[in-house]
Amino acid sequence: MNLPDMLEAKKRTKDKVDFIYTNPVKNDFYVGKKYFIKTYGCQMNVHDSEEISGLLENIGFERVESELDADIIILNTCAIRENAHDKVFGFLGRCKHLKKEKPDLKLILCGCMAQEKSVVDEIMAKHRYIDLVFGTHNIHELPNYLMNLHDGLNIEVKSNEGNVYETGETYHRDSKYTAWINIMYGCDKFCTYCIVPYTRGKERSRKSKDILREVECLKEKGYKEVTLLGQNVNAYGRDNESEISFAELLREVAKTGIERIRFVTSHPWNFTDEMIQVIAEYPNIMPYIHLPLQSGSDRILKLMGRRYTKEEYIALFNKIKKTIPGVAITTDIIVGFPNESDEDFEETIDVVNKCQFDGAFTFIYSPREGTPAAKMEDAVPLKVKEDRLHRLNEIVNNYSLMNNKEYLNKTVKVLLVGYSEKDGSKLYGYTETMKLVNVICDENLLGQIVDVKITDAKSFSLDGIVEK
Ligand code: SF4
């Protein structure tokens with residue numbers, strides 16, 4: 001349960017991983033009972049919530065869309081940013097009042113925050129109205145925990161050793177057209193600002209045969225697109241000598257014939273030529289890559305423990321652009337890492353100007369307790385960081401708009417996945433290059449890949465009309 005220091009965590013990466021196959025079964029006690037789940041954070045958490053929902057539905061629970069109607073409320077939490085903590089405890093505070101009206105209501109907290117010792121200490125001291133806390137390594141045990149819940153606070157947080165659990169196709173997937181597939185868990189990169197290696201544990205790859213079976217099963221059910229998920233997908237297979245590499249896995253998934261394949265996230269370090277070749281070779285592997293830069297300064301990249309230089313990043317970027325026709329590349333950038341100087345920041349701007357990304361997720365650095373970077377002195381005032389972020393965003397958004405304008409009057413393939421939030425008479429979907437498009441079309445086309453002529457381009461989305 002303790003947040004291990006880096007040395008202990010690195011030792012743990014050598015531990016053996018077991019593959020455990022589980023099969024949750026229906027229990028009459030839960031039939032008709034209702035659950036509400038709220039998810040914070042990244043795609044990994046979204047997909048974990050699909051797994052939690054599937055487990056609960058398999059044993060008899062039904063999902064509800066309001067916490068007011070629920071018998072159990074689950075918060076699947078994120079530890080990446082400080083403000084997530086306040087949101088979670090704000091929501092829990094409101095749920096505490098619900099318990100007064102509904103004494104049998106159970107409150108459950110899980111996800112990355114549950115793996116943080118400081119959070120568990122806080123819960124034990126101040127939030128004992130929570131019924132169950134469980135971590136990221138034992139999601140599959142939720143049915144057992146519910147069965148054996150004793151009165152008061154139950155804490156079921158495992159240390160970070162981690163195994164690979166296969167629960168079969170029991171996910172409650174949010175979409176009927178696109179699906180997340182975990183290909184691996186955890187991360188061994190230990191970037192100095194990142195909490196993930198501590199909350200998600202060491203890298204553990206699923207067996208390729210289990211992943212391929214899942215892809216086949218989704219294809220049979222009519223899914224059009226799968227996204228292979230991992231904190232660092234290009235490390236796939238490296239923890240298991242008998243497993244194939246990520247490039248080989250991509251090739252095998254492409255051979256299943258599923259219409260669209262995506263993957264997130266890939267680290268620029270160890271992004272092999274073979275991966276680039278495979279993406280270029282198979283038309284059903286989408287020409288879109290999210291390639292986190294984080295900083296353009298070699299000094300800051302070294303302090304971050306990112307394992308590449310500015311020059312290496314740009315060389316990789318150019319190689320990808322040259323080899324994969326029409327590829328779109330987006331990135332992540334952290335502004336205001338401890339003691340980032342004006343010169344360091346200008347190096348980041350220089351990379352942005354050279355790469356002209358299709359989009360970027362930009363953040364002000366937020367220290368996470370237990371990580372090496374949180375112990376670094378930082379003399380840069382917040383106002384300076386905010387000004388840098390503002391300037392960066394303006395530049396990034398201009399490049400997004402410039403790239404999006406390239407699509408004007410062109411016809412592109414769009415997978416329509418839902419109703420547009422701004423205008424319910426339109427559908428929205430994504431191009432092969434992951435551009436969001438709001439489309440005027442017949443709603444019967446939902447779930448189809450259609451030809452769309454682009455009529456307008458903004459920084460964050462395109463508008464279009466279906467071609468007859
Ligand atoms: S590679 Fe990504 S998940 Fe892993 S430590 Fe670095 S930032 Fe965190």
Side-chain angles (χ1 to χ4, degrees), residues 3-13 40-48 77-82 84 111-113 115-116 135-137 160 162 180 182-205 227-239 246 263-272 275 289-298 300-310 312-313 316 329-338 340 348 360-376:
L3 191 67
D5 67 18
M6 191 182 263
L7 271 180
E8 267 182 57
K10 282 192 169 173
K11 262 191 254 154
R12 164 201 96 205
T13 64
Y40 299 84
C42 66
Q43 297 97 336
M44 200 70 76
N45 264 22
V46 170
H47 190 43
D48 283 351
T77 63
C78 167
I80 297 281
R81 301 201 186 284
E82 193 111 40
C112 290
M113 267 172 60
Q115 294 293 151
E116 288 189 278
T136 56
H137 299 281
N160 296 309
W180 306 105
N182 258 327
I183 61 166
M184 61 185 301
Y185 304 92
C187 182
D188 292 349
K189 293 294 167 289
F190 291 95
C191 300
T192 56
Y193 54 84
C194 184
I195 195 87
V196 167
Y198 308 100
T199 59
R200 292 269 169 183
K202 65 182 174 180
E203 288 171 355
R204 289 106 65 208
S205 302
T227 301
L228 309 182
L229 266 187
Q231 301 293 350
N232 176 17
V233 288
N234 37 355
Y236 175 81
R238 291 164 66 91
D239 56 307
F246 182 61
F263 56 90
V264 279
T265 291
S266 32
H267 194 299
W269 184 76
N270 212 21
F271 198 112
T272 63
M275 276 170 66
I289 293 168
H290 185 69
L291 196 67
L293 166 68
Q294 308 303 12
S295 171
S297 154
D298 286 345
I300 297 290
L301 285 170
K302 198 162 183 202
L303 285 173
M304 288 175 163
R306 289 293 290 175
R307 308 172 188 218
Y308 53 85
T309 62
K310 171 187 177 187
E312 285 164 347
Y313 183 94
L316 173 63
I329 301 180
T330 56
T331 197
D332 294 332
I333 298 172
I334 296 172
V335 169
F337 191 76
E340 180 191 61
T348 300
F361 298 96
T362 56
F363 313 92
I364 289 183
Y365 167 73
S366 128
R368 302 311 298 139
E369 196 188 318
T371 60
K375 296 192 192 101
M376 295 178 190

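The shown structure was predicted, so the numbers you read here are calculated from the model rather than taken from an experiment. Side-chain atoms are counted along with the backbone in the values below, which use heavy atoms only and exclude waters and symmetry mates. Whatever order the structure lists them in is the order used to number ligands and atoms, beginning at 1.
- At a heavy-atom distance under 4.0 Å, only side-chain atoms of Val196, from C-beta outward, approach ligand 1.
- Closest protein heavy atom to atom 5 (S) of ligand 1: Cys191 N, 3.3 Å.
- When heavy-atom distances to ligand 1 are checked against a 4.0 Å cut-off, Pro197 comes that close only through its side chain, counted from C-beta outward.
- In this structure, atom 8 (Fe) of ligand 1 lies nearest to the protein heavy atom Cys194 SG, 2.3 Å.
- Side chain of Thr192 to backbone of Leu303: a donor-acceptor contact under 3.5 angstrom is found.
- Partner of Cys191 under the side chain to side chain contact (heavy atoms under 4.5 Å, CB included) criterion, chosen from Gln294, Arg306, Arg307: Arg306.
- Taking every heavy atom of His267 and a limit of under 4.0 angstrom, the matching atoms of ligand 1 come to 1 (S).
- For ligand 1, the atoms closer than 4.0 angstrom to any heavy atom of Arg306 are 6 (Fe), 7 (S).
- Ring geometry for Phe337 versus Tyr365: interplanar angle over 60°, hence perpendicular rather than tilted (30 to 60°).
- Short contacts between ligand 1 and Lys189, defined as distances under 4.0 Å to a heavy atom of the residue, involve ligand atoms 1 (S), 4 (Fe).
- No side-chain N or O of Thr309 forms a donor-acceptor pair with one of Asp298 less than 3.5 Å apart.
- Residue Asn270 comes nearest to Arg238 through the heavy atom pair ND2-NH1, 2.8 Å, listed as atom of the first residue, atom of the second, then distance.
- Of the heavy atoms in Phe190, only backbone atoms (N, CA, C, O) come closer than 4.0 Å to ligand 1.
- When only non-hydrogen protein atoms are considered, atom 4 (Fe) of ligand 1 lies nearest to Cys187 SG, 2.2 Å.
- Without hydrogens or angle criteria, Asp188 side chain to Glu203 main chain gives a donor-acceptor distance under 3.5 Å.
- The aromatic rings of Phe363 and Phe361 lie parallel to each other, with less than 30° between the two planes, well short of the 60° mark.
- Remark: minimum distance from atom 7 (S) of ligand 1 to any protein heavy atom is reached at Tyr193 OH, 3.5 Å.
- In this structure, the side chain of Arg368 does not engage the main chain of Ser366 through any donor-acceptor pair within 3.5 Å.
- At a 4.0 Å cut-off, not a single heavy atom of Arg200 sits close enough to ligand 1 to count as contact.
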